[in-house]
Amino acid sequence: MQNINHNGVHELRAFLFVHFNNNYLRNTQIELAAMHFERKHLTNDELISIYKKLLLPRLIEEKMLLLLRQGKISKWFSGIGQEAIAAGCALALEPDEWIMPLHRNLGVFTTRNIPLHKLFMQWQGNKGGFSKGRERSFHFGTKEFHICGMISHLGPQLAIADGVALAYKLKKENKISLAFTGEAGTSEGDFHEALNVASVWDLPVIFIVENNGYGLSTPVREQYRCENLIDRAKGYGIEGVRIDGNNILAVIDTIKGVREYCIREQKPYLVECTTFRMRGHEEASGTKYIPKELFEEWALKDPIINFERYLCNEHVVNEAEINNIKEEIKQHIESELQIGFRAETLIPDSEEELHEVYAPKAQVQSKKYEVRIIDNSNQPAIGNPQLTTDNRQLGTTEKRFIDAIKEGLRQSMHQHENLILMGQDIAEYGGAFKITEGFVQEFGKSRVRNTPLCESAILGAALGLSLEGFKSMVEMQFADFVTVGFNQVVNNLAKIYYRWGQNADTVIRMPTGAGVGAGPFHSQSNEAWFVHTPGLKVVYPSTSIDAKGLLIAAINDPNPVMYFEHKALYRSINGLVPDEYFEIEIGKARLVREGSDISIITYGSGVHWATEYAQQHSDISIDILDLRTLLPLDYDAIKSSVSRSGKVLLLHEDTLTGGIGGEISAWITEHCFEMLDAPVIRCASLDTPVPFNLELEKNFLAKSRLDVYVQKLIKY
Ligand SMILES: Cc1ncc(C[n+]2csc(CCOP(=O)(O)OP(=O)(O)O)c2C)c(N)n1
């Protein structure tokens, strides 16, 4: 590649005069090696401006370390010695290009000119910070400055950059996204997945590896065995370069060149920046495990001192001017700190906290269809659904469950031009269950995207698409496989809105459930994992009309929605479904039939088991409630069902322990105790993995014990 400055790591011939006491900041008389700077076309003013950007995070940090010792801020991850990478990358990008920084990248935030007082409030956990006191240290983002906040797990940042780059590509914008990882983070599967997806999808992303020698206490030798981390680029079929991460001009020049390459070629690029972590992993953890000589060696390569020396040698500035610049910055930091310290004490407000877990639903900007809300919550819809009087005039067609899902998805693709579908084999092949069959022909390959086998990266990419205003639907080939993308779902998608106000506009379709002899890894009911995660919505239709209406509602919802679709229902049930575009409201249960002897509260396949049972036992008056949404639950509907019978059976295909039945049982006991004539009983599947043999599976499923539990309840 031309344009790129391939400065290697320079050999040092310097000598350290003073006794080194493990804190290089105190060493003033060090003789530096000549770090080779190439100013190229940069004017003096530009060099000074770069110097100020490089210096600012260092001076902030020195102040923060004092405040940390005084207990005024919490945990601190130091980026001292690594500033040239963060500042250099941010300087090389346009301000509206998204950056995914990590815990040592203060320089990204400062270079993007974030108001310092707000940053200080953030670190003090004040409401005036970026996360209203909900997040610590660098775990926050800001849409205004195009910075996506990290989660502790590090690697997930990389795939978000893929999603943003995909958005830029789809919009044909000449932009790139840039994500950071430490060298230890490259051992995470997320690194591999993100680079592979970026390569296969030709995404303009820059992946920066900050190789600072240690991942907490683990040296590189125990982290990886390739010679250089950029050697991995070849394995992904992409380009890579290794540069001196302490040389600010090398970083800026390289990243600018790489950026142009990524835009021009529409490809990703891996950049390994060599540097060193001059302090402990975090301030409390010390540095005893690092040989003293390494600090001595790297102190000589300090990015700021070297650049200062260069600027003086080039007569860009003199020492007095450097001191003035430092003084000016320190004063600015002090005055911003005073504003930060004046922040009001945070008074917790539970209402507000709960209210801000979910993004409010915006009005759907109607592109093609008016949105009709169908309320069939009091109407049976099994077999031959009765629509309400108002809805009866709608054109309806008898549809199988699977076709209703397909229609909901198809109409949503027409409704939202910004809706992107992603999943394994969903394009030409039409998906494992053929739900997206024909979609490629209708909507094109850029919106109906086959993915490599990498759930985590795709779920991360879905979040990246959200940052740029896209909606997405991610199809899990089987609900079981969400486990390998679990972290992105429960930690990133679910929490991001509460943490810093960015929504994750994604629906994850989950073909779920047993009954087809598919064994332990193609049959699980894993909805309870997600019901336990604030920030997600969990819907689980049991009828064709609901399958379509709930899917449309899920796609219109700006929050991450887990949409469970039972595989055994795909082709085994059908019902009348309105032809037009309509929503079934998320969070509303449906009364399947009214009864007075017992209530069966259930969802998914349980609705069909209960209905069949009721039909076969006409002597028992059974009230059946189909929950339809598991998060949030429709407590009003649950209460009214309890009030009609006083005897409750919670039925689900999920296993017993930790299933949602336990939660509902607790709620009923707590809130409807006076209405009860018997203990709340749960009928669930056996607490075993789902077995393969059909007889074993039948025995496993809750349905096989339904009669026993109903009789037990009746006898009370
Ligand atoms: C998934 C996960 N495992 C473990 C950790 C604990 N942890 C936090 S930072 C870190 C080391 C990271 O090293 P590296 O990626 O090289 O970045 P550096 O801290 O050196 O900048 C570890 C092990 C974590 N945050 N996330």
Side-chain angles (χ1 to χ4, degrees), residues 57-58 61 74-89 99-109 135-140 149-161 178-195 207-226 228-230 232 242 245-246 251 270-291 294-295 298 301 303 455-457 459-460 483-493 495 499:
R58 171 75 57 91
E61 238 200 86
S74 72
K75 204 161 176 141
W76 188 264
F77 295 92
S78 174
I80 285 183
Q82 303 181 212
E83 295 94 338
I85 302 170
C89 287
I99 299 183
M100 327 289 149
L102 290 181
H103 48 297
R104 297 191 204 285
N105 298 136
L106 171 57
V108 167
F109 295 89
E135 262 294 14
R136 69 181 202 178
S137 59
F138 293 97
H139 294 203
F140 68 94
M150 66 179 289
I151 62 169
S152 293
H153 306 67
L154 314 166
Q157 286 289 74
L158 299 160
I160 302 175
L178 181 147
F180 287 88
T181 174
E183 85 289 343
T186 66
S187 301
E188 291 188 49
D190 281 313
F191 175 82
H192 164 75
E193 290 195 12
L195 267 69
F207 298 105
I208 303 286
V209 180
E210 273 185 89
N211 194 339
N212 65 6
Y214 285 82
L216 211 161
S217 74
T218 307
V220 293
R221 177 95 187 129
E222 293 177 36
Q223 196 66 245
Y224 59 86
R225 286 292 168 93
C226 48
N228 295 308
L229 283 166
I230 44 153
R232 294 190 184 174
R242 183 168 189 256
N246 282 16
V251 174
L270 180 64
V271 182
E272 180 180 358
C273 299
T274 52
T275 185
F276 194 70
R277 202 189 69 206
M278 295 301 292
R279 301 188 67 86
H281 169 64
E282 46 91 24
E283 284 308 307
S285 63
T287 54
K288 280 201 182 108
Y289 47 85
I290 301 177
L294 280 177
F295 287 106
W298 281 91
K301 304 181 197 177
E455 284 75 5
S456 184
L459 291 161
T483 43
V484 284
F486 196 65
N487 187 37
Q488 288 285 20
V489 178
V490 302
N491 284 321
N492 239 340
L493 303 176
K495 296 180 175 48
R499 293 169 60 234

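Both counts, for ligands and for their atoms, begin at 1 and track the order of listing. Both backbone and side-chain heavy atoms feed into the values below; hydrogens, waters and symmetry mates do not. Treat the numbers as computed from the prediction; the structure is a model and nothing was measured.
In this structure, the ring-ring contact (aromatic ring centres under 6.0 Å, His included) partners of His281, at least two apart in sequence or on a different chain, are Phe77.
Under the 30°/60° scheme for interplanar angles, the aromatic rings of Phe276 and Tyr214 are found to stand perpendicular.
Using a 3.5 Å distance cut-off with no hydrogens or angles, the side chains of Asn228 and Glu272 do not pair a donor with an acceptor. If you check the side chains of Thr274 and Asn211, you find no donor sitting under 3.5 Å from an acceptor. A donor atom on one side chain and an acceptor atom on the other are not found under 3.5 Å apart for Thr275 and Glu210.
Sorted by chain and number, the residues within 4.0 Å of ligand 1 by heavy atom are His103, Arg104, Ser152, His153, Leu154, Gly182, Glu183, Ala184, Gly185, Asn212, Tyr214, Gly215, Leu216, His281.
You'll find the side chain of Met150 stays beyond 4.5 Å of the side chain of Asn105, heavy atoms only.
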